[in-house]
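Convention: sequence-line order gives letters A, B, ...; per-chain numbering from 1. The model shown is predicted, which means the values in this text are computed figures rather than measured ones.
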2 protein chains.
Amino acid sequence: MDIITKYNTQDRLLVAVDCIIFGFDGHQLKALLVKRNIDPDRGKWSLMGGFVHQDESTDEAAQRVLHHLTGLQTTYMEQLYCFSNVDRDPASRVVSIAYFALINIKDYQERIHDEHEARWFPLDQIPDLVFDHTEMLRKAKERLQQKVANQPIGFELLPGKFTLPQLQNLYEAIYETPLDKRNFTRKILSLDILNKLEEKEKESSRKGAFYYVFDRDKFSRLHQEGVKFI
Amino acid sequence: MDIITKYNTQDRLLVAVDCIIFGFDGHQLKALLVKRNIDPDRGKWSLMGGFVHQDESTDEAAQRVLHHLTGLQTTYMEQLYCFSNVDRDPASRVVSIAYFALINIKDYQERIHDEHEARWFPLDQIPDLVFDHTEMLRKAKERLQQKVANQPIGFELLPGKFTLPQLQNLYEAIYETPLDKRNFTRKILSLDILNKLEEKEKESSRKGAFYYVFDRDKFSRLHQEGVKFI
DNA sequence: TCAAAAGTGTTTAGGCTACACCCATGC
DNA sequence: GCATGGGTGTAGCCTAAACACTTTTGA
């Protein structure tokens, strides 16, 4: 069978991307959802998604979709899983590649609300979602937990400078479990990937907490993979 | 925009699956490759793959492809990653979902050789592969290493009964590093997921090594996820 | 009797966990 | 001066790593 026969007789499918966008407001881990504006299921909450074009990779499609929603270009983004049940979208056969993104919620909160009917939902208050998006979100949360334990991606969810209590809150939110303050501090600082600033954050306490910044150079001097974070 | 307009104006893409099939012969970890029999790159070594049909999920497509090659139905199989670079297949735009499978090499070795131009290659002697299949294999190996440390999937690569030295060989092959025999034995046995048989394997030593079998019931009494194996 | 692989315990070091009090500051 | 959250040290436990000799048996 030659190439024309083989390739041309095959089924062609709609391919989509859906983005699970996580943000952290200092207390809660949240996901960004939009109101779906096409049928079927118009008006239900949904992950942000879109179809993959002929001339772009799924990574590029996911970046395009995220950029369209948030204006962000260089967010941390990672492919999650391909969802392909035949009847996952009742309107048509659509294979969807799910991506998850981590963004710093503060910087983009307002812009998002202005431009789209989008809202941040705490992970324990997610509404019913269209199709298999609930499953996608569940899987994304799982992956985030795994990932954050071994790679310094948690910092993507925080502003450039952050306090140790904020960082601990983030890890507690991701793991859904309280952590010991002294053990947490010791372990993070012992990795030697943070730089302490002179400046203090004074909004959430009278004493104030020192700001730290993540030092990518220091980190890259560790093993690229496999460093245990928490 | 209504559903007809939205869905019908989208690009439709060829979607394929490619299977990274791992086997273990008691000493080496191997991958099953086939000679590609269509253009482009006819005659080059390749992962086993095929196009996804309109009426099947990618999981089903991967099972179909694996079954076609090996006759196996119920192998351990897991989705690996979606590869979607626009020019990954020079003949046409094809999005490929890669799967990796673990099979017991001994039971199926002859059948495979008879029916297809397929061969087992040790992982350190993989030939040039078509398209991005080298990258797929690299990623599969990485995933196997991660996975086998936390879940008892290594047993899928062994016959139903196996000796501790065989099991250790397997882990050494996957991790590409020697392990201490005493520490290995103690750790595996302490998990209490193996049953020792009376019978000994006598081919590879004069003394003989006791056979063990993996006990799925005992295992499922442990946490479903998150047990550290090695 | 020798060669070749199987089987078996102990010691040590490092990391993880649990735990409670003082500090700095704004009101 | 008091309420609030920030910051700090130690001791016990457990797990992981290092390490060498004896056993079995076929040739």
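Among residues two or more places apart in sequence or in another chain, the side-chain contact (heavy atoms from CB on, under 4.5 Å) test is passed with B:Gln145 by B:Ile174, B:Tyr175, B:Glu176. Every residue was checked against the salt bridge (charged side-chain N to carboxylate O under 4.0 Å, His left out) condition with A:Glu203, not counting sequence neighbours, and none meets it. Listed by chain and residue number, A:His133 satisfy the ring pair (Phe, Tyr, Trp, His ring centres under 6.0 Å) test with A:Phe131 (two or more places apart in sequence, or in another chain). Residues passing the side-chain contact (heavy atoms from CB on, under 4.5 Å) test with B:Pro159, sequence neighbours excluded: B:Asn104.
When distances run from any side-chain atom of A:Lys181 to the nucleotides C:dA18, C:dA20, C:dT8, the shortest one goes to C:dA20.
Using a 4.0 Å cut-off between a side-chain N of Lys or Arg and a carboxylate O of Asp or Glu, B:Glu135 and B:Arg138 qualify as a salt bridge. With respect to A:Lys218 and A:Asp192, a salt bridge is recorded, a charged nitrogen being found less than 4.0 Å from a carboxylate O. With respect to A:Arg36 and A:Asp41, no salt bridge is recorded, no charged nitrogen being found less than 4.0 Å from a carboxylate O.
Put simply, CZ on A:Arg186 is 10 Å from P on C:dT17, counting in whole angstrom units. Put simply, NZ on B:Lys187 is 19 Å from P on C:dT8, counting in whole angstrom units. C:dT11 atom C1' lies 12 Å from atom CZ of B:Arg182, rounded to whole Å. Rounded to an integer number of Å, the gap from B:Leu164 CG to C:dA5 C1' is 13 Å. Straight-line distance from the CD atom of B:Glu201 to the P atom of C:dA6: 8 Å, rounded to whole Å. The distance from atom NZ of B:Lys228 to atom P of C:dG15 is 17 Å, rounded to the nearest whole Å. When the P atom of C:dA6 is taken as reference, atom CG of B:Leu189 falls 14 Å away, rounded to whole Å. Computed from coordinates, the A:Leu179 CG to C:dC19 C1' distance equals 15 Å when rounded to whole Å.
If you check every strand for non-hydrogen atoms under 4.0 Å, B:Thr163 touches nothing. Using a 4.0 Å heavy-atom cutoff across all strands shown, B:Ser204 reaches sugar-phosphate atoms only and no base atom.
Two residues, B:Asp180 and B:Pro165, neighbour DNA chain C, and the one matched to the more 5' nucleotide by heavy-atom proximity is B:Pro165.
Bounding nucleotides for the chain B contact on DNA chain D, 5' to 3', at a heavy-atom distance below 4.0 Å, are D:dA16 to D:dA27.
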Working for salt bridge (charged side-chain N to carboxylate O under 4.0 Å, His left out), residues B:Lys161 and B:Glu201: CA-CA 10 Å; B:Lys161 59 185 184 184; B:Glu201 188 273 337; over 6 Å; no
Distances for protein N or O near nucleotides 24-27 of chain C N or O, under 3.5 Å:
unit_1, atom_1, unit_2, atom_2, d
C:dG26, O4', A:Arg206, NE, 3.3

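Within the cation-pi definition used here (under 6.0 Å to the ring centroid, within 45° of the axis), A:Lys196 does not qualify as a partner of A:Tyr212.
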